[in-house]
Amino acid sequence: MIVHKAQGSEFDAVWLLLPTRSNRVLSRELTYTGITRARRELHVAGGVEVIEAALARHVGRWSGLGWRLNSI
């Protein structure tokens, strides 16, 4: 199961398999979601560089709400 589909679910044991190279999809938020799905056991498979890159990347969301409120 991918992390996006696991959102809102919990499992006794979780294996978080990270890619061998960092990519733009892998972020702090995605990693947090994967980790917090585990109730009892968490296993993380990934290189230190990939984990550090994921934790350093914050997903910036732009909804346009601030711009819309300022234009009223």
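Along the sequence shown, residues are numbered consecutively beginning with 1. These figures come from a predicted structure and were not determined experimentally.
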Point to revise | Glu29 side-chain N/O to Val59 backbone N/O, donor-acceptor pair under 3.5 Å | key: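 Yes.
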Check your understanding: Are any side-chain N or O atoms of Arg57 and backbone N or O atoms of Leu26, one a donor and one an acceptor, separated by less than 3.5 Å?
Key ->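 At least one qualifying donor-acceptor pair exists.
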Between [X] and [Y], is there a shared hydrophobic cluster once you connect ILVMFWY residues whose side-chain heavy atoms come closer than 4.5 Å?
| X | Y | result |
| --- | --- | --- |
| Trp15 | Ile35 | no |
| Leu42 | Tyr32 | no |
| Val14 | Val44 | yes |

Exercise for review: Identify the heavy atoms of Gly46 and Ile51 that sit nearest to each other, and give their distance.
Suggested key: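 Taking every non-hydrogen atom into account, O-CD1, 3.7 Å.
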Review point. Taking side chain as C-beta onward, heavy atoms only, is Thr20 less than 4.5 Å from Val50?
Key: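 Answer no - side chains too far apart.
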Practice item. Decide yes or no for Leu16 and Val3: does some side-chain heavy atom of the first lie under 4.5 Å from some side-chain heavy atom of the second? Key: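 When only atoms from C-beta onward are counted, Val3 and Leu16 do touch, with a gap below 4.5 Å.
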Point to revise | Spatial distance of atom OG (Ser22) from atom CD (Glu49) [nearest 0.5 Å] | key: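 If I round to the nearest 0.5 Å, the distance is 10.5 Å.
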**Study point:** Over 12 non-hydrogen atoms of neighbours within 6.0 angstrom of CZ in Phe11
**Key:**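 Atom CZ in Phe11 is crowded, with more than 12 foreign heavy atoms closer than 6.0 Å.
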Check your understanding: Is Arg39 atom CZ crowded by more than 12 heavy atoms from other residues, nucleotides or ligands, each under 6.0 Å away?
Key ->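 More than 12 within 6.0 Å, yes.
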